[in-house]
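The structure under discussion appears below in the form of structure tokens.
Below, chain A is the first sequence line, B the second, and so on; all start at residue 1.
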2 protein chains.
Amino acid sequence: MRDDSRRSMVRAAAMLFQERGYAATSFQDVIARSGAPRGSIYHHFPGGKQELAIEALRWYSDRTAALMRQKTQEGTAIEAVAGFLAISREALRKSDFRAGCPVAGVALDLADNDEALQAAVAEAFEEWRRVLAAAFERDGATPAKARRLAAFVYASLEGALMLARAHRDLRPMDDVITELLDHLERVSGSK
Amino acid sequence: MRDDSRRSMVRAAAMLFQERGYAATSFQDVIARSGAPRGSIYHHFPGGKQELAIEALRWYSDRTAALMRQKTQEGTAIEAVAGFLAISREALRKSDFRAGCPVAGVALDLADNDEALQAAVAEAFEEWRRVLAAAFERDGATPAKARRLAAFVYASLEGALMLARAHRDLRPMDDVITELLDHLERVSGSK
DNA sequence: GTCTATACGAAGATAGAC
DNA sequence: GTCTATCTTCGTATAGAC
């Protein structure tokens, strides 16, 4: 297919970022993982590593937002969160604790420069938060409460992934899932 | 003082890890930040970058655990969490969103090798969790509930720092603080 | 669109003088 | 304990052929 190697590079970059972060990922790693030809990197990404990273974040962010959006359409906001957490947990387990979050892997590697990448990171988080906040609001929460809950969900999830990966143990993830869902159910009465 | 340059390197490394992560931090950065002499790196840290990182994590981890331990002795577990979150928030604000968590900055940069560093990361998280879980238990929670709440607190905090830094905005941090403390107070009745 | 060759700098690390 | 010099490897990036 046309542009196949380009897309495979974007996907491989996202995978590598979630495993070892942005700074620790080299083009060689991306080539090796994707199987894409070495000579076409700068043909597809004239902006180099930064451009590849921005595309990888966009690709992953949109894909993830679409998944969450779908879940919010199939049920309540709480059910969507529960389903999403289950998927994240399963991905972590099946990957032997390699599958974290590529956005997080980039976010913590950025120094003060690199504003374009920083913007891509912020936009990813913001897109996710928007989708979920809309569902909480639809289910009766005030706009402010919906925003807080959505931020809380993604913060907890990112932290849970970090802890579980560090321990190579699902328990921190399970603990966070238990407490987070408990909180969401408790507050669903007091919007 | 003796060992002054060594300690300054450890502190500088911790600062840099929280700003830009492990992989993006070079010895040059550590030298520049600490003001320590260039020629003595491998005198103080024969194990190179990994050894420096392990020491930096230990130093920061113990320091942070001691702070949390002190707070749990001055008041309830919930008060300790509230105080700790306030300190983290203030550090973030005063540093213009540079002060994240060095343990997180290392955690997400590790590939599958580097088991020694991985162990140092896990031990840091585990030490923090232990201190806080003990306080929740002292305040009446069951051991299992105390463990879950402590994990939830640190996961939320790590995620909140990540989101706030990405947006260069304190609101995600404030949102998480609001919801997390709300949850802790709600469940403090049903241990 | 992909190849090879290569420039260029920066990284981690070592050796030996002082 | 610190310096300078150096080695080696690896990184991003470019140029030009095919």
Can you give the donor-acceptor pairs under 3.5 Å from side chains of residues 66-75 of chain A to other protein atoms, not counting sequence neighbours?
from	atom 1	to	atom 2	distance (Å)
A/Gln70	NE2	A/Glu74	OE2	2.6
A/Thr72	OG1	A/Arg69	O	2.7

Subject >> Verdict with reasoning, A/Arg33 to A/Glu19, per salt bridge (charged side-chain N to carboxylate O under 4.0 Å, His left out) >> reply: CA-CA 12 Å; A/Arg33 181 69 61 99; A/Glu19 288 177 25; 2.9 Å; yes
Test A/Glu123 against A/Ser61 for side chain to side chain contact (heavy atoms under 4.5 Å, CB included), laying out the working first. CA-CA 9 Å; A/Glu123 178 48 38; A/Ser61 173; over 6 Å; no
For residues B/Thr178 and B/Asp175, is any side-chain donor paired with an opposing acceptor at under 3.5 Å?
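Checked: B/Thr178/B/Asp175 side chains show no N/O donor-acceptor pair below 3.5 Å.
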Got a sec, which pairs hit ring-ring contact (aromatic ring centres under 6.0 Å, His included) with one end in residues 131-154 of chain A, sequence neighbours left out?
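Sorted pair list: A/Trp128-A/Tyr154, A/Phe152-A/His183, A/Phe152-B/Phe152.
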Inter- and intrachain pairs under ring-ring contact (aromatic ring centres under 6.0 Å, His included), touching residues 34-82 of chain A, at least two apart: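 Qualifying pairs, neighbours excluded: A/Phe27-A/Tyr42.
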Spacing between [X] atom [atom1] and [N] atom [atom2], to the nearest angstrom:
X: B/Asp114; N: C/dG12; atom1: CG; atom2: P; answer: 13 Å
X: A/His43; N: D/dC18; atom1: NE2; atom2: C1'; answer: 14 Å
X: A/Leu117; N: D/dT12; atom1: CG; atom2: P; answer: 13 Å
X: B/Asp4; N: D/dG1; atom1: CG; atom2: P; answer: 12 Å

| request: Would you sort out whether B/Arg168 and B/Asp96 count as a salt bridge (charged side-chain N to carboxylate O under 4.0 Å, His left out), showing the intermediate values? | output: CA-CA 8 Å; B/Arg168 299 184 59 84; B/Asp96 196 29; 2.9 Å; yes
message = A/Ala111: which residues meet the side chain to side chain contact (heavy atoms under 4.5 Å, CB included) condition with it, sequence neighbours left out?
response =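 Listed in chain order: A/Asn113, B/Arg20.
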Exercise. Counting only non-hydrogen atoms, which of residues 44-58 of chain B are less than 4.0 Å from DNA chain D?
Worked result: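 DNA chain D contact set from residues 44-58 of chain B: B/His44.
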- Item | Proximity to DNA chain D (any heavy atom under 4.0 Å), residues of residues 9-39 of chain B only |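 Residues of residues 9-39 of chain B that come under 4.0 Å of DNA chain D are, in numerical order, B/Pro37, B/Arg38, B/Gly39.
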B/Tyr42 has a side chain; which of C/dT14, D/dT12, D/dG1 sits nearest to it?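 Looking only at heavy atoms from C-beta outward on B/Tyr42, the closest nucleotide is C/dT14.
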Item to check | Short side-chain N/O contact from A/Ser40 to OP1 or OP2 of C/dG1, under 4.0 Å | outcome: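 For C/dG1, neither OP1 nor OP2 has a side-chain N or O of A/Ser40 closer than 4.0 Å.
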Given D/dG1, is OP1 or OP2 found less than 4.0 Å from the side-chain N or O atoms of B/Ser5?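 No, no such contact exists.
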